[in-house]
Amino acid sequence: MKRKFSFFFCLLVTLLSAQQLVLAQQKYTSFTPGKIWKDDKGVHINAHGGGIVEYKGTYYWFGEHKVEGGKGNTAQVGVHCYSSKDLYNWKDEGISLAVSDDLKSDIAKGCILERPKVVYNKKTKKFVMWFHLELLGKSYEAARAGVAVADKPTGPYTFIKSYRPNAGKMPFYAEGTPDAEKVNCEKPANKSDGFFCRDLPGGQMARDMTVFVDDDGKAYHVFSSEENFTLHLAELSPDYLSHTGKFIRIYVGQQTEAPALFKKNGIYYMVGSGCTGWAPNPARWFKATSIWGPWTFMGNPCEGPGANITYGGQSTHVLPAPGKKGEFIFMADKWEPKNAIDGRYLWLPIKFEGEKIKINWQDEWDLNTFDK
Ligand code: DGJ
């Protein structure tokens, strides 16, 4: 009886491990938006609010590591990194920026650390990570930008500082901007101007964000500011580690979140969302011929059923499609606030009609779609 039991036990273990192996080795050849997406270890990818940087033919995906249960949306672990050569199959590279056990640290375990974006600085040869940071126990009050740096794409990243950008600085205005459109802190014209003026001495609030590197190597930090009422696009210093003080305000008072920027044929495009907490809302896009604007609001790029809620998602990044010049992938998060670790990824191809962009839902697609 005992021998029979051990035989069946061993058989069960062997079968289970074989199943694990099959799961772990599952190869993807397409994107299936909204479905579980397993890494090389067979675990659902844990990189929410993420962004991707390409370096020497490998793609590195950085995002918020979420945990199960009520604390899921707070930073209990840090920023997770994955690598891939084909964008379908991702290798777990571990935690690239870990939160600190020191409760006095700006990035203390349990803080809110969102939307990490990594860019490579060709001059300093450093990888620079910016993120939205909220201090431990202070809910969304701090509204700071945090920055960390590493020598290798996967890290480990060293936290440098966090702060509210552009203290004491007034916005930059393109030539010809009418005075009526300029913020006047003697007499703020609206709610958002009021928040801007309130925060002028200590620096502007910085929440949902992205970082964009232009063809000339200059980098820009784009973030929801002024209590999320207005977006700021701010120039970073040549080492990408601080703000120069030059910035513009975009779509004043209209509550744009989740910005993602890209450039095609000299035109700048930005996709974002409205501001409704973890619940989805319609995406919005903007166009400009200069990074300094004016940025024109262009409406909702999504079409078809679900377009009014971005198919349940919220933008996080736009990635140039590998080997497909002038083609781009829209990346969004489908948040699961009750069990954040189960959040899903919606990656969809962007279609161009002249200088207009369109996004359509696809149950399954691959990079060949750009050849059609
Ligand atoms: C929407 C933002 O886009 C997320 O990054 C996060 O800050 C949630 N709001 C919090 O409600």
Side-chain angles (χ1 to χ4, degrees), residues 45-52 61-67 69-80 97 99 107 110-118 129-146 162 164 195 204-212 221-233 250-251 254-261 270-286 300-302 309-318 330-347:
I45 293 171
N46 198 342
H48 310 265
I52 290 181
W61 176 358
F62 297 85
E64 302 158 30
H65 178 105
K66 307 268 192 190
V67 297
K71 287 183 175 173
N73 276 317
T74 58
Q76 300 295 325
V77 178
V79 176
H80 209 132
L97 173 69
V99 292
I107 56 163
C111 68
I112 294 172
L113 195 164
E114 292 180 342
R115 298 184 177 270
K117 301 286 177 291
V118 170
M129 179 190 289
W130 281 93
F131 49 89
H132 163 203
L133 180 71
E134 298 292 349
L135 302 175
L136 181 62
K138 303 266 184 217
S139 186
Y140 280 86
E141 217 173 84
R144 292 192 190 188
S162 79
R164 284 187 174 189
F195 294 133
Q204 298 298 330
M205 300 177 98
R207 293 201 182 116
D208 272 21
M209 53 139 285
T210 193
V211 179
F212 171 72
H221 177 209
V222 184
F223 50 95
S224 305
S225 194
E226 305 173 21
E227 301 286 359
N228 290 356
F229 275 89
T230 295
L231 265 187
H232 286 196
L233 181 150
I250 299 174
Y251 210 33
Q254 300 297 324
Q255 298 191 296
T256 305
E257 280 194 330
L261 256 79
M270 175 163 52
V271 186
S273 74
C275 182
T276 51
W278 297 110
N281 57 55
R284 51 181 75 174
W285 74 283
F286 302 84
N300 185 350
C302 298
I309 51 162
T310 320
Y311 319 110
Q314 189 182 27
S315 43
T316 185
H317 190 68
V318 172
F330 170 72
M331 292 169 51
D333 293 283
K334 191 166 181 287
W335 305 113
E336 278 303 332
K338 290 209 178 98
N339 188 24
I341 194 172
D342 192 34
R344 307 294 172 88
Y345 309 101
L346 310 183
W347 290 22

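Computed over heavy atoms, backbone and side chain alike; hydrogens, waters and symmetry mates excluded. Indexing begins at 1, ligand by ligand and atom by atom, following the structure's order.
- Judged purely by atom type and a 3.5 angstrom limit, R115 has no side-chain atom pairing as donor or acceptor with the backbone of E64.
- Nearest to atom 1 (C) of ligand 1 by heavy-atom distance, out of A279, G274, G277, is G277.
- Ring geometry, Y140 versus H132: the interplanar angle falls from 30° to 60°, so the pair is classed tilted.
- The contact set between ligand 1 and Q314, taken as ligand atoms under 4.0 Å from a residue heavy atom, comprises 1 (C), 2 (C), 3 (O).
- Nearest residue to atom 2 (C) of ligand 1 from I112, T316, D208 is D208 (criterion: closest heavy atom).
- Ligand 1 places these atoms under 4.0 Å from at least one heavy atom of E114: 4 (C), 5 (O), 6 (C), 7 (O).
- Side-chain contact of N73 with K66: a donor-acceptor pair under 3.5 Å is present, judged by distance alone.
- Interface of Y140 with ligand 1, defined as ligand atoms under 4.0 Å from a residue heavy atom, comprises 7 (O), 10 (C).
- For the pair T316 (side chain) and M331 (backbone), a donor-acceptor distance under 3.5 Å is absent.
- For atom 5 (O) of ligand 1, the closest non-hydrogen atom on the protein side is R115 NE, 3.0 Å.
- Between the side chains of T74 and Q76, at least one donor-acceptor pair of N or O atoms lies under 3.5 Å.
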